[in-house]
Amino acid sequence: MQFSFTGEQEEFRSVLRRFLEEKEPTTVVRRLMETEAGWERDGWRELNQQLGLTAVHIPEAYGGQGFGYVELGIVLEEMGRALLCAPYFASTALAATAIMNAGTDAQKRTLLPDIASGDTIATLAFTEPNGRWDAAGFATTATRADGAYRLDGIKSFVLDGHTADLIAVVANSDKGLSFFTVKGDASGLHRRALKVVDPTRKQARLEFRAVKAELLGEEGGGAAPFAKTMTQAAVCLANEMVGGAERLRQSALDYANLRVQFGRTIASFQSMKHKQADMLVDVELAKSAAYAAASAAAEDDAELPALASLAKACASEAYMQTAIHTIQIHGGIGFTWDNDTHLWFKRAKSSEVFLGDPAYHRELMMRAWGV
Amino acid sequence: MSEQTEASVRAEARAWLEANWNPDLGLVEWRNKLIDSGWGVPSWPRDWFGRGLPVALEAVVEEELRRIGAVGVAKTGIRRLAAATLLVHGNDAQKQKWLRRSLTGEDTWCQLFSEPGSGSDLAGATTRAEFKGNRWVVNGQKVWTTSAHHADWGLLLARTDVNVPKHQGMSYFVLEIRQPGVEVRPLRQMNGHASFNQVFFTDAEVPPDNLVGEVGRGWAVATTTLMHERRGADGIRTWGQASDRAGRVYDEERAEIVTVMEPYKWYPQRAGRVDLVVERAKATGRASDPLVRQEIAKLLTMSKAAEWTARRARAAQALGRPPGPEGSLGKLVSSHVARAAARVHTLISGADAMLTGEDAPMDGLIAEILVSVPAGSIAGGTDEIQRNIISERVLGMPKEPRTDNDRPFRDVPKNLVG
Ligand SMILES: Cc1cc2nc3c(=O)[nH]c(=O)nc-3n(C[C@H](O)[C@H](O)[C@H](O)COP(=O)(O)OP(=O)(O)OC[C@H]3O[C@@H](n4cnc5c(N)ncnc54)[C@H](O)[C@@H]3O)c2cc1C
């Protein structure tokens, strides 16, 4: 397991941080979050042309950069910190990962290069309106007729589902859980943006009525790739969350050092110091868990499923608690729309339950450990 | 007077209500009648619309009002704090002018205490009131002023002397909001509502008659307002809930709730809506999950214990015993309950906790809880300030050394930017 970042990784992080601070200040976040799409092609292109971010963990053979989960983790941590409004999690962390896990070599050669270049925005549709994250909760069906598969069912909480060009879908056929791909504008597919608590990350509800779909990988062979995709996605989300949590923690500290009440900075009150110290403990522990999980993912360690869930649960709670403290430390101003804290608070709330809440992941962790 | 028992009060209130309650009266007309009878504010003195009953017996009268379905006097919002403060510190002319109209709801109020540079440290206010000619002239800015956009009057805490220590240079005024020198600008909150405001004063005027208490003694008056605000913190759970009954008085009360009380419509959500937890757990099927059951049980334990703690405080008061520590805990406990409730609502809702508006559980009500709860531990005195009060005043622990109240206010370090 890797316990420190290499010089190159640190350099990569600082380039990325500068880039995101410049391109995605909160004024941009606030503008994009008010749009229905939630992101813009121009900004997206820049992100990919200048830094090749969408290609990070995709192998070179499929048009990617061939890095691993440690680098992907760095990207997501910085994006979480910046609260980037882009379909990155959907396209790279979820869809590209699913295609790598499920697709045949030929399919990867066809699908991945465009995702790696950022020209195709992809997403993964798995959870349904019942909100279950495990495959046993999925009711969408795939039936084969006249040599083609057709999908029927409803997917919900699909990240950027209303704007994606390509949708990887998890559904059940006669042979069991399988992956499919569908074009965003496929006939019979009805897409609707959902109203979400976190407006910086859009979600959609997708209704499939006999939608023609391409099988991805082997029919009935979806269970293992799906489980792996969820594990890797949990690692990604944990890393994204610790980036947001750290940003909040820092903003609370900066504010406490500036704000004067009773003739002294509020940072000089012991209760404020203790809160800051507790926040640091929470965030640093969560970072360690997220980094450990990323490293396990990079090495495809046998411990990965347990560590991914551990990190997801730990980061979820640290992020939410940090967000609560950060508002509190800001006092009245922390409850206003114009103060930026609530933007991260809402991301924390949404990430707390996305891919499964902390209790769900702790249970997965225990099972992975054979307890 | 000492012969007033719970039973006699109940019987008397019931008899009066049965003879007089009439849902076809106008809201103000009915409230005037109730005020004249002394049953509107029974714990107030007889000279001022009350019956001089012990505070603890108020609950009995409340129960009787509820039983018959009668509307009470205007008790929610800042008008409640205004009435309670003026009752104690106002002179007769001021009581004459404002008490009745506040109880009928004809006058609406806001609380002009917090400023950009002073929230927890209210005695650090820099809004100036200077006596010029025959009136007070006010300049400065207040912030987080709930309901200022609906208010006729504001309870204003302003500095009248910068050359004395901070607490001694404050005075308390009633300021008319609708005048050229006052500008109210709405402020949007993280939950999307805009119930509080920025209020700017540019040579706003206050007649000398509107000074409450003495010049330089405003802090004591403000303390009364704050005490009532904190004591009442738990009550906001039920603010702004309209009856669905038919009758003119209910129609007018509903109209009041959607206008004057509009800024408070999310206040029950801010308190966490513990009342919805069991119903939601059953409706979602989560009630059968042992883990969820445990979390709900923990929340209900805390919430019940909090309720009984408040009851204990009221019961002790009824027996004329000195207030114990239980009476000072309510505000702090209510933020613990609210935060725990938000956690449990998230647990119950699962993925649906990511949704809002029509797409979300209960048309977005649950989402509103999740993004409103953070207000409770800030508004009306933060949790940290409540802990300071509990440790220093209730437990008698040593006070923090202070450097801001032993010198003229002008020499105290302040925020560079507000
Ligand atoms: C929904 C809502 C409605 C409101 N309505 C009104 C209203 O109608 N009228 C009105 O006048 N005000 C109103 N307020 C303002 C509210 O009273 C203040 O926000 C609150 O008192 C905190 O002040 P502040 O915002 O300046 O924060 P600050 O005082 O700057 O506090 C910042 C942080 O420092 C901490 N802190 C400050 N002093 C100490 C200390 N001595 N020891 C330890 N920690 C400390 C606080 O606990 C907080 O965490 C409202 C606020 C909200 C959220």
Side-chain angles (χ1 to χ4, degrees), chain A residues 127-133 156-157 192-199 201 203 205 258-266 269-272 275 320 323-324 326-339 341-343 345-346 349-360 362-363, chain B residues 114 116-121 123-124 143-144 166 187-192 194 196 284 289 291-292 295 339 342-343 346-347 349-360 364 367 370-375 377-379 382-384 387-388 400 402-405 407 412-417:
Chain A
T127 296
E128 303 190 354
N130 66 19
R132 283 182 57 180
W133 302 101
S156 195
F157 313 104
R192 178 167 74 76
L194 289 166
K195 292 203 161 59
V196 283
V197 166
D198 169 20
R201 168 159 282 161
Q203 303 187 6
R205 175 188 153 100
L258 278 178
R259 176 72 173 167
V260 174
Q261 291 291 277
F262 304 97
R264 54 200 260 200
T265 62
I266 58 169
F269 292 116
Q270 200 167 46
S271 72
M272 291 286 109
K275 220 188 257 314
M320 200 62 238
I324 291 170
T326 302
I327 291 182
Q328 185 66 19
I329 290 168
H330 279 79
I333 210 162
F335 192 63
T336 59
W337 188 267
D338 285 347
N339 184 272
T341 308
H342 75 100
L343 305 176
F345 178 96
K346 289 169 183 171
K349 180 47 76 181
S350 173
S351 307
E352 182 186 359
V353 295
F354 186 63
L355 302 180
D357 67 11
Y360 173 79
R362 279 190 288 259
E363 179 60 33
Chain B
S114 303
S118 59
S120 297
D121 179 22
V143 74
W144 328 127
K166 61 201 295 189
L187 268 177
R188 196 172 172 204
Q189 294 125 10
M190 65 176 276
N191 61 4
F196 54 36
T284 55
D289 180 334
L291 185 130
V292 174
E295 292 305 315
R339 266 195 303 271
R343 241 182 349 256
T346 304
L347 186 63
S349 296
D352 281 346
M354 295 189 285
L355 303 179
T356 186
E358 314 85 80
D359 287 322
L370 304 181
V371 295
S372 298
V373 156
S377 48
I378 299 168
T382 66
D383 278 7
E384 288 72 31
R387 289 191 182 97
N388 288 348
E400 285 268 313
R402 284 183 74 161
T403 53
D404 63 325
N405 52 7
R407 64 191 73 183
V412 175
K414 298 177 189 70
N415 283 294
L416 296 174
V417 285

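The chains referred to below are lettered A, B, ... by the order of the sequence lines, with proteins before strands, and numbering in each begins at 1. Predicted model only: the values in this text are computed from it and were never measured.
- For N415(B) (side chain) and V260(A) (main-chain N/O), a donor-acceptor pair under 3.5 Å exists by modelled atom type.
- Nearest approach of S120(B) to F262(A), heavy atoms of both residues: O-CZ, 3.5 Å.
- Contacts with chain A were tallied for D383(B), V412(B), I378(B); I378(B) has the most, counting heavy-atom pairs under 4.5 Å.
- In summary, D359(B) and R192(A) engage in a salt bridge, as defined by a charged side-chain N under 4.0 Å from a carboxylate O.
- For the set A360(B), A379(B), A375(B), G364(B), the count of heavy-atom pairs under 4.5 angstrom toward chain A peaks at A375(B).
- Counting heavy-atom neighbours within 6.0 Å of K195(A) NZ, excluding the residue itself, gives a total of 12 or less.
- In this structure, the portions of R188(B) lying under 4.5 Å from any heavy atom of chain A include both its backbone and its side chain.
- Of all the listed residues (G119(B), A367(B), G357(B)), the one sharing the greatest number of non-hydrogen pairs under 4.5 Å with chain A is G119(B).
- Of the inter-residue distances, the one linking M190(B) atom CE with K346(A) atom NZ reads 5.5 Å to the nearest 0.5 angstrom.
- Here the straight-line distance linking atom CZ of F335(A) with atom CH2 of W144(B) works out to 11.0 Å at 0.5 Å rounding.
- Only the side chain of E352(A) comes within less than 4.5 Å of a heavy atom in chain B; its backbone stays farther off.
- Between D357(A) and T346(B), the closest side-chain pair of non-hydrogen atoms is not below 4.5 Å.
- Every pair passing side-chain hydrogen bond (donor to acceptor under 3.5 Å, both in side chains) that includes a residue from residues 330-339 of chain A is listed here, sequence neighbours excluded: N339(A)-T341(A).
- With a 4.5 Å cut-off on non-hydrogen atoms, F345(A) touches chain B through its side chain but not through its backbone.
- When atom types are taken as modelled, the side chain of Q261(A) and the backbone of K414(B) share no donor-acceptor pair closer than 3.5 angstrom.
- For E128(A), the side chain to side chain contact (heavy atoms under 4.5 Å, CB included) partners are N130(A), F138(A), A139(A), T140(A), K155(A), not counting sequence neighbours.
- Ranking V143(B), V373(B), N405(B), L370(B) against chain A, the residue ahead of the rest is L370(B), based on heavy-atom pairs under 4.5 Å.
- Most heavy-atom pairs under 4.5 Å with chain A: of the set E358(B), K166(B), R343(B), this distinction falls to E358(B).
- Heavy atoms of S350(A) lying under 4.5 Å from chain B belong to its backbone as well as its side chain.
- When atom types are taken as modelled, the side chain of K349(A) and the backbone of V371(B) share no donor-acceptor pair closer than 3.5 angstrom.
- Taking all atoms of both residues into account, the shortest heavy-atom contact from A351(B) to G131(A) is CB-CA, 3.8 Å.
- Distance check: Q328(A) CD to T382(B) OG1 gives 6.0 Å after rounding to the nearest 0.5 Å.
- Looking at I327(A), both its backbone and its side chain come within 4.5 Å of chain B, counting heavy atoms on both sides.
- When atom types are taken as modelled, the side chain of E384(B) and the backbone of M272(A) share no donor-acceptor pair closer than 3.5 angstrom.
- Here the closest non-hydrogen pair linking R259(A) and P116(B) is NH1-O, 2.7 Å.
- Counting only heavy atoms from C-beta outward, the side chains of V196(A) and L355(B) approach each other to under 4.5 Å.
- With respect to chain A, the highest number of heavy-atom pairs below 4.5 Å among A123(B), G124(B), S372(B), S349(B) belongs to S372(B).
- Counting only heavy atoms from C-beta outward, the side chains of D352(B) and F157(A) approach each other to under 4.5 Å.
- Heavy atoms of E363(A) lying under 4.5 Å from chain B are absent altogether.
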